[in-house]
Amino acid sequence: MYLKAPTGCDKYIPYIEKITLGIIAAMDVLVVGSGGREHALAWKLKQSPRIGKLYIAPGNGGTSTLGENVPIGQMEFEKLAQFAQEKKVGLTVVGPDDPLVGGIVDVFKARGLRIWGPSREAAQIEGSKAFSKQFMHEAKIPTAEFAVFSNAALALAHVRVKGAPIVIKASGLSLGKGVYVCRDLTEAERAITEIMVERVHNDAGNEVVIEEYLDGPEISIHALTDGYSHILFPASQDHKPIGDGDVGENTGGMGTIAPVPWVTPEMMSSVEGQIVTPTFEALKKNGIQFQGLLYPGLKVTLGGLEVLEYNARFGDPETQVYMRLLKTDLLDLLEASVDGTIDALRTKIEWHRGFAANIVIASGGYPGEYKKELPITGIEDAEKVEGVVTFHAGTKIENGQVVTAGGRVLGVSAIGGTLKQALDRAYEAVGEIYFEGMYFRRDIGAKSLSA
Ligand code: AMP
Ligand code: GLY
């Protein structure tokens with residue numbers, strides 16, 4: 001096992017040698033967030049030979065088994081910074097979009113604290129769809145034709161002219177639920193009324209983006225950057241609608257696979273050349289320093305690749321499959337992103353061979369209303385299935401019992417030599433888990449198996 005050498009030293013020193021020399025400094029890390037993504041990040045960070053104490057704020061039932069859950073909310077920036085300062089945390093890692101868009105990184109940096117993630121200014125690329133569509137338009141990055149409205153009557157007039165199918169999006173953050181793919185005009189009118197008149201997404205609906213409907217499969221792209229250079233991860237694929245066959249309401253994501261078997265190296269070159277590199281160049285040209293993870297969601301259409309949206313963070317549940325496949329120490333990668341040394345790791349990053357799948361188990365009723373505090377059984381039996389790790393999302397532990405505490409409850413991940421093996425293992429493990437009303441999609445990865 002090898003470790004990154006201390007800054008200023010160009011060669012890798014064997015880990016055992018470093019222990020003997022007593023030069024391994026353990027680093028305490030704080031992970032901000034409480035979802036499956038944060039459990040997966042904490043799970044991988046815990047494996048770093050350099051990890052000291054691991055704190056997760058506020059964390060969930062699963063993260064409490066890896067480190068110390070800290071009862072501070074993800075939007076309580078001053079309290080989080082105070083905690084990091086008091087505990088001499090060496091690196092804070094931010095999972096979710098809300099604190100990034102809200103400026104957590106700026107608050108930490110103002111206090112001289114080391115934090116991984118983009119600044120508030122850079123996170124706008126996710127925080128405002130109106131901003132990101134304009135950015136893509138100016139940078140000539142392929143994306144659906146669009147118009148932005150802050151007036152409901154004008155928005156309605158526009159959809160009547162354009163006709164259906166058409167896509168209506170609340171511009172701000174709305175937990176992945178502010179996007180309406182409308183098959184007819186009645187649906188489109190209903191979406192505009194919900195967003196702009198009934199204001200079901202609150203201020204996120206101050207503006208709507210109305211865009212052309214794009215047909216084709218979707219892929220998730222992840223590029224880790226220090227603002228100068230970047231590392232492109234293999235493509236992954238989420239399944240956002242609640243129902244099998246991609247029907248029903250959009251969710252935060254119901255299941256992922258990686259790598260996507262039909263995404264060829266040529267397609268990845270196009271992703272790099274047409275989307276990732278031009279995006280980073282345009283950010284720089286606009287004077288925006290982006291340090292962190294850029295995750296463009298893409299549609300693969302007959303006419304080529306199109307960007308659906310940018311995210312300024314790791315995907316959830318994409319992270320769950322990436323962390324199962326990543327061989328390299330995550331702490332090394334995140335520190336390189338903070339320290340501006342990504343270029344040195346570009347050719348050194350290693351992935352396990354094979355595939356990973358992650359099946360999300362949600363509360364019955366999600367993405368609408370659902371019950372909480374329901375006891376969950378079978379997690380230990382699920383993890384007895386070869387290659388399986390269960391990541392918690394909306395869970396907490398009450399009197400020693402894991403109970404539900406959110407919409408997306410668990411992510412059951414598995415690795416396998418083939419995609420089919422990974423999926424079979426993950427579904428076998430899902431079969432061991434039970435809570436009242438639990439719901440999961442039964443077709444995660446199915447289209448890629450038959451592609
Ligand atoms: P977004 O949050 O913008 O990625 O949208 C959520 C989901 O809505 C995407 O994953 C797509 O499934 C769907 N979607 C968004 N924009 C479009 C579009 N222009 N055409 C077709 N589907 C779309
Ligand atoms: N995979 C969906 C998201 O993270 O937004």
Side-chain angles (χ1 to χ4, degrees), residues 33 35-38 40-41 95-98 100-101 123 125-133 136 142-148 159 162 164-183 187-188 191 195 201 204 208-222 233 235-243 245-258 260 293-303 305-322 358 360 362 367 391 393 407-408 411 441 444 447:
R37 164 185 46 216
E38 288 74 35
L41 291 172
D97 44 11
D98 279 319
L100 292 169
V101 172
I125 202 164
E126 166 162 16
S128 163
K129 287 189 192 290
F131 171 86
S132 75
K133 290 296 286 190
M136 286 187 262
T143 190
E145 198 188 297
F146 71 103
V148 181
V159 298
K162 288 288 174 187
I166 196 159
V167 182
I168 320 276
K169 303 180 175 185
S171 178
L173 295 179
S174 46
L175 297 172
K177 296 175 201 158
V179 174
Y180 300 71
V181 179
C182 307
R183 281 162 303 177
E187 279 183 20
I195 301 171
H201 306 289
V208 290
V209 173
I210 300 183
E211 62 180 46
E212 161 201 14
Y213 172 79
L214 298 170
D215 205 8
E218 289 176 41
I219 53 173
S220 300
I221 297 302
H222 281 54
F233 290 9
S236 61
Q237 187 174 45
D238 191 6
H239 297 66
K240 283 199 178 163
I242 186 72
D246 288 335
V247 297
E249 278 179 81
N250 259 325
T251 68
M254 293 302 293
T256 35
I257 57 165
V260 183
L293 198 292
L294 182 79
Y295 149 26
L298 308 187
K299 270 258 185 214
V300 184
T301 73
L302 285 177
L305 301 167
E306 304 265 359
V307 178
L308 285 177
E309 60 160 356
Y310 287 115
N311 300 290
R313 52 169 173 87
F314 276 104
D316 185 349
E318 285 86 345
T319 309
Q320 289 83 321
V321 281
Y322 283 131
N358 183 74
V360 170
F391 294 117
R408 291 190 293 174
R441 274 184 64 162
I444 301 303
K447 279 190 191 150

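One-based numbering, in listed order, for ligands and for the atoms of each.
Per-residue contacts place K240 under 4.0 angstrom from the following atoms of ligand 2 (heavy atoms of the residue considered): 2 (C). Close approach of ligand 1 to E309 is summarised as follows: ligand atoms under 4.0 Å from at least one heavy atom of the residue are 1 (P), 2 (O), 3 (O), 4 (O). In the vicinity of E218, heavy-atom distances shorter than 4.0 Å reach the ligand 1 atoms 9 (C), 10 (O), 11 (C), 12 (O). Shown in contact with Y213 at under 4.0 Å from a heavy atom are these atoms of ligand 1, numbered in order with element: 20 (N), 21 (C). Atoms of ligand 1 lying under 4.0 Å from any heavy atom of N250, numbered from 1 in the order shown and given with element: 6 (C), 7 (C), 8 (O). Annotation for ligand 1: atoms under 4.0 Å from non-hydrogen atoms of K240 are 4 (O), 6 (C), 10 (O).
A salt bridge is defined here as a Lys NZ or Arg NE, NH1 or NH2 lying under 4.0 Å from an Asp or Glu carboxylate O, and R313 with D98 fails to meet this definition. At a threshold of 4.0 Å, the pair K240-E218 does not count as salt-bridged, since none of the basic side-chain nitrogens sits closer than that to a carboxylate oxygen. With salt bridges taken as basic N to acidic carboxylate O contacts below 4.0 Å, one links K162 and E145.
In this structure, K129 is part of the shell of residues with a heavy atom less than 4.0 angstrom from ligand 1. Contact between G315 and ligand 2 is present, with at least one heavy atom of the residue lying under 4.0 Å from the ligand.
Between the side chain of T256 and the backbone N or O of P317, at least one donor-acceptor pair lies under 3.5 Å.
Between K169 and the options E212, E211, E309, a salt bridge (charged side-chain N to carboxylate O under 4.0 Å, His left out) holds for only E211.
Among residues two or more places apart in sequence or in another chain, the salt bridge (Lys or Arg N to Asp or Glu O under 4.0 Å) test is passed with R408 by D316. Residues satisfying the ring-ring contact (aromatic ring centres under 6.0 Å, His included) criterion with H239, sequence neighbours excluded, are absent altogether.
Annotation: atom 5 (O) of ligand 2 to nearest protein heavy atom, R313 NH2, 2.8 Å. Closest protein heavy atom to atom 3 (C) of ligand 2: Y295 OH, 3.5 Å.
The residue from K169, K133, E211, K299 that puts a heavy atom closest to atom 22 (N) of ligand 1 is K299. The closest heavy-atom contact to atom 18 (C) of ligand 1, among the options N311, V307, V167, comes from V167.
Side-chain polar atoms of S220 and E318 form a donor-acceptor pair below 3.5 angstrom.
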_From CA spacing to verdict: side chain to side chain contact (heavy atoms under 4.5 Å, CB included), F391, T319_ = CA-CA 10 Å; F391 294 117; T319 309; over 6 Å; no
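For ligand 2, one of its N or O atoms has an N or O atom of D238 under 3.5 Å away. In terms of N/O distances under 3.5 Å, ligand 1 is not approached by V179. Below 3.5 Å of separation, one finds an N or O of D316 facing an N or O of ligand 2.
Looking at E318 against ligand 2, only its side chain comes within 4.0 Å, counting heavy atoms.
Between F314 and Y322, the distance from one ring center to the other does not fall under 6.0 angstrom.
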